[in-house]
S.K.: 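Mind looking over this structure? Questions follow.
Hydrogens, waters and symmetry mates play no part in the numbers below; they use all other heavy atoms, side chains included.
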Amino acid sequence: MDNPSRPWTMQQIADAAGVSVTTVSHALSGKRPVNPDTAARIHRLIDQFQYVPDAGARRLQSGRSRTIGLAVPDISHWYFGRIARGVEEAANEADHGLVVASTANADPRRERRYFTMLSTRAIDGLIYASSRSTAEIDELARLARSAPLVLADEPIESIDVPSVSTTVYEGALEAVTLLKALGHERVVAVAGYQGLPSTLARTRALHEVFPGALTFYGDFEVESGYRILGDLLAADLRFTAVFAHNDNMAIGAMRRLQDAGLRVPEDVSIIGFDDTDAATMVTPALTTVRKDMVEVGRQSGRLLLDRLNGTPVAKQDSVLLPTELVVRGSTGPAPATPRPSSS
């Protein structure tokens, strides 16, 4: 039997399987028992002829769209792409669709659009990830009282919403402790947005080991790491190590130091965060703290889907995934004397 030019309808699947439409429906939903051989035949036909259940019909029958949403600040960014991949895997496992949308770094107008999709049940639940600050905390709190919501990567302590995040503080503490063990005393931090819980956690870890360390804020992009290091060199600030809050800014800092004729790690050591693909592509390879963002997405999706399937999920069910320090070539012993800054 040849594949049709368009996906088959449920009636066509039923006719080809020699069963009723009701039997096909039961095989899809799993709500009623179907003979295993019959169910296997139905699923083979579904795969072969690309049958996709009609979303409108499903919504009328169940009150649910079987579609979840993921709102991320930048859909094209490596970091959030990994989260999306994990959520998609969880959604596929549960036979749910996924809508991924960009909030343009917490643009209130865009955020409200996706909040409206959830409140009107265009989607069954929402996974929300922030990269700057949560501009709509009150709106999120209101939404969480009436609709399924999970926070990915950045928890918000002030609202009662479950989250999936990583041990950022512990990872940062391990990173700066390495610098201390290597003999560094003059450390500067290139941080992300000031309002993020993860920024505060990294800064707290830094100050626990280096109380006098200075922190300079960027925007998680390569250019901000490059710019900040240029400003520090121009100000003739003496330091032997840079703790960057993500790999992008670490790579930008490394480029600026190298452009100034300084060696990494002989003159200045650098540590990043996240362990992106680029961390092993620079020279020297970047010491960094690994976060499994695919698993953050996967666990966020499963947490949301558990709630949709009737499992009680509350803030105390939040998931905290481990980080791992990965030591590479960008860190080394502190020089005997901090090098003078270069132009």
S.K.: Going by side chain to side chain contact (heavy atoms under 4.5 Å, CB included), Phe220 matches just one of Asn246, Asp74, Asp274. Which one?
M.R.: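 Result for side chain to side chain contact (heavy atoms under 4.5 Å, CB included) with Phe220: Asn246.
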
S.K.: Against Ser330, only a single residue in Pro284, Ser269, Pro265 fulfils side chain to side chain contact (heavy atoms under 4.5 Å, CB included); can you say which?
M.R.: Pro284

S.K.: Determine whether Lys291 and Glu324 satisfy the following criterion, salt bridge (charged side-chain N to carboxylate O under 4.0 Å, His left out), listing intermediate values before the conclusion.
M.R.: CA-CA 7 Å; Lys291 295 170 65 179; Glu324 176 189 359; over 6 Å; no

S.K.: Measure from NZ or CZ of Arg202 to the centre of the six-membered ring of Phe243 and say whether it is under 6.0 Å with the direction within 45° of the ring axis.
M.R.: no

S.K.: Could you state the interatomic distance from CG (Asp306) to CD (Gln299), rounded to the nearest 0.5 Å?
M.R.: 9.5 Å

S.K.: Report yes if some heavy atom in the side chain of Val326 is under 4.5 Å from a heavy atom in the side chain of Thr287; otherwise report no.
M.R.: no

S.K.: Specify the closest pair of heavy atoms between Thr240 and Ala334, including all atoms of both residues, with the distance to one decimal.
M.R.: OG1-CB, 4.3 Å

S.K.: Using a strict 4.0 Å threshold on nitrogen-to-oxygen distance, state whether Arg82 and Asp277 make a salt bridge.
M.R.: yes

S.K.: Taking all heavy atoms of Val190 and all of Met249, pick out the closest pair and write down the distance.
M.R.: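 Nearest pair, atom of Val190 first, then Met249: O-CE, 3.5 Å.
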
S.K.: Using a 4.5 Å cut-off on heavy atoms from C-beta on, say whether the side chain of Glu208 contacts that of Val176.
M.R.: no

S.K.: Could you check if a side-chain atom of Thr166 sits within less than 4.5 angstrom of a side-chain atom of Leu320, using non-hydrogen atoms only?
M.R.: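 No - every pair of side-chain heavy atoms lies 4.5 Å or more apart.
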
S.K.: Could you check whether Arg85 pairs with Glu89 (Lys NZ or Arg NE/NH1/NH2 to Asp/Glu carboxylate O, under 4.0 Å)?
M.R.: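 A salt bridge is present here (some side-chain N lies under 4.0 Å from a carboxylate O).
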
S.K.: Okay, side chain of Asp247, backbone of Thr276: is any donor-acceptor separation there less than 3.5 Å?
M.R.: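 Checking the backbone N and O of Thr276 against the side chain of Asp247, a donor-acceptor pair under 3.5 Å is found.
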
S.K.: Where do His184 and Ala241 come nearest, in terms of heavy atoms and distance?
M.R.: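 That closest heavy-atom pairing would be ND1-CB, 3.7 Å.
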
S.K.: Within 45 degrees of the ring normal and closer than 6.0 Å to the centroid, is that where the cationic atom of Arg186 sits relative to Phe239?
M.R.: no

S.K.: Before giving the answer on salt bridge (charged side-chain N to carboxylate O under 4.0 Å, His left out), spell out for Glu93 and Arg302 the whole-Å C-alpha distance, their side-chain angles and the decisive distance to 0.1 Å.
M.R.: CA-CA 9 Å; Glu93 288 172 3; Arg302 287 174 178 168; 3.3 Å; yes

S.K.: Where do Ser224 and Asp219 land on the side-chain hydrogen bond (donor to acceptor under 3.5 Å, both in side chains) test, with the steps shown first?
M.R.: CA-CA 6 Å; Ser224 69; Asp219 61 5; 3.0 Å; yes

S.K.: Identify whether the distance between the nearest side-chain nitrogen and carboxylate oxygen of Arg328 and Asp275 falls below 4.0 Å.
M.R.: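 Here Arg328 pairs with Asp275 in a salt bridge, since their nearest N and O are under 4.0 Å apart.
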
S.K.: Salt bridge or not between Glu185 and Lys180? Use side-chain N to carboxylate O under 4.0 Å.
M.R.: yes

S.K.: Is Arg238 salt-bridged to Asp236, going by a charged N under 4.0 Å from an acidic O?
M.R.: yes

S.K.: Got Tyr128 and Val72 here, is their nearest side-chain heavy-atom distance under 4.5 Å?
M.R.: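 Not in contact.
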
